[in-house]
Amino acid sequence: MDPFGLTLAEARAWAASLGLPPFRGEQLMRGAYRAGVARFADVKGLPRDLAERLDAAGALAPASEVKRQESRDGTVKSLLRLHDGKLVECVSIPTVERHTVCVSSQVGCAVGCSFCASGLNGVERDLTPGEIVWQVVHHHRVSPVTNVVFMGSGEPMFNYDNVLHAIRILGDAAGLGLGRRRLTVSTSGVPARIRQLAEDEPQITLALSLHAGDDGTRSRLVPLNVRWPLAEVLGAMADYADKVGRRPTLEYVLLADANMTPAHAQSLAAAARPLGAHINLIPYNPVIETGHRRPTPAEVRTFADQLARVGGHATVRGARGSDIDAACGQLKRREEQPT
Ligand code: SF4
């Protein structure tokens with residue numbers, strides 16, 4: 001039984017199934033999220049014999065931290081080992097106004113973007129809801145988390161049911177009680193799931209990892225584009241925006257050698273315009289194996305100016321954690337490779 005994989009209703013039902021009053025389920029959930037609770041026996045109010053049985057059956061936390069890197073800017077990257085030995089990364093990004101945690105939804109990734117370390121070996125398995133939620137709790141126990149972004153390893157839409165379940169746990173008052181607007185799912189573009197998300201969870205924030213506004217460039221960078229080209233993905237995003245009544249966000253990683261010409265700025269603006277979308281420009285955190293180059297600040301400025309001239313509304317995001325292995329999948333890869 002993984003308390004981090006239960007909504008409040010499920011925790012109550014679990015308690016009832018053991019012949020306990022339902023409030024014991026809530027007690028378990030609230031207790032498990034507190035700092036310093038490493039065993040079921042540490043959860044206040046849980047009957048001792050039950051806590052002993054649960055502790056004997058397995059550890060309270062579904063993962064443990066095996067490596068940690070702290071950046072000068074406060075970004076903390078944690079490498080977690082799951083019960084089956086698989087490794088997964090999560091990142092804590094504190095700023096003055098918020099504490100954001102970036103979580104993974106799968107071990108590895110099937111999409112295989114050309115600039116990403118997570119996709120280099122394909123996907124190993126989906127994460128359970130509890131394994132997703134635990135990445136947040138892991139950092140929440142140090143400092144209260146205000147925002148969660150699904151931008152770590154994995155394509156969230158390929159693990160849709162578990163991601164949705166995790167979102168509902170994170171939003172539960174007995175869990176972290178995070179408002180839906182504080183949860184962002186980032187996808188590389190799975191049209192049917194984008195439309196389904198608008199029905200299932202219209203309040204959360206959806207971001208499309210676009211990275212190129214023309215099919216030729218995008219298919220080279222994001223191979224999923226061959227299966228679902230831009231017209232299909234942008235069509236789904238337009239339907240999504242109509243349904244939820246909010247403008248989507250487009251993520252655009254700036255790769256000096258691949259997607260930063262004036263023509264790329266034109267096609268990006270053209271893709272964003274019908275959606276009224278805001279664009280986040282993200283200077284690349286290099287991964288040596290990919291061969292892509294991080295742009296200089298001058299190259300970033302030039303591209304942002306070109307984009308503004310053709311009507312694109314963009315913000316250049318500061319690169320966080322550039323002095324650690326902050327790019328997705330780097331820390332896991334380093335740990336797995338023989339030295
Ligand atoms: S960028 Fe995201 S979708 Fe692309 S390979 Fe990496 S984890 Fe997968």
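Start at 1 and go down the list; that is how both ligands and their atoms are numbered. Below, all heavy atoms of this structure are taken into account, side chains as well, without hydrogens, waters or symmetry copies. Residue numbers count from 1 along this sequence.
- The backbone N or O of His211 lies less than 3.5 Å from a partner atom in the side chain of Asn259, making a donor-acceptor pair.
- Here Cys116 reaches atom 6 (Fe) of ligand 1: one of its N/O/S atoms is less than 2.8 Å from the metal.
- For His264 and Phe303, the distance between ring centers is not under 6.0 angstrom.
- Close approach of ligand 1 to Gly154 (heavy-atom distance below 4.0 Å) involves ligand atoms 7 (S).
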Run Ile169 and Phe4 through side chain to side chain contact (heavy atoms under 4.5 Å, CB included) and show every step you take. CA-CA 8 Å; Ile169 296 167; Phe4 301 102; over 6 Å; no
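- Cation-pi geometry between Arg193 and Tyr160 is met: under 6.0 angstrom from the ring centre, within 45 degrees of the axis.
- Remark: distances from the non-hydrogen atoms of Gly152 to ligand 1 include one below 4.0 Å.
- Those atoms of ligand 1 with a heavy atom of Cys109 less than 4.0 angstrom away are 3 (S), 5 (S), 7 (S), 8 (Fe).
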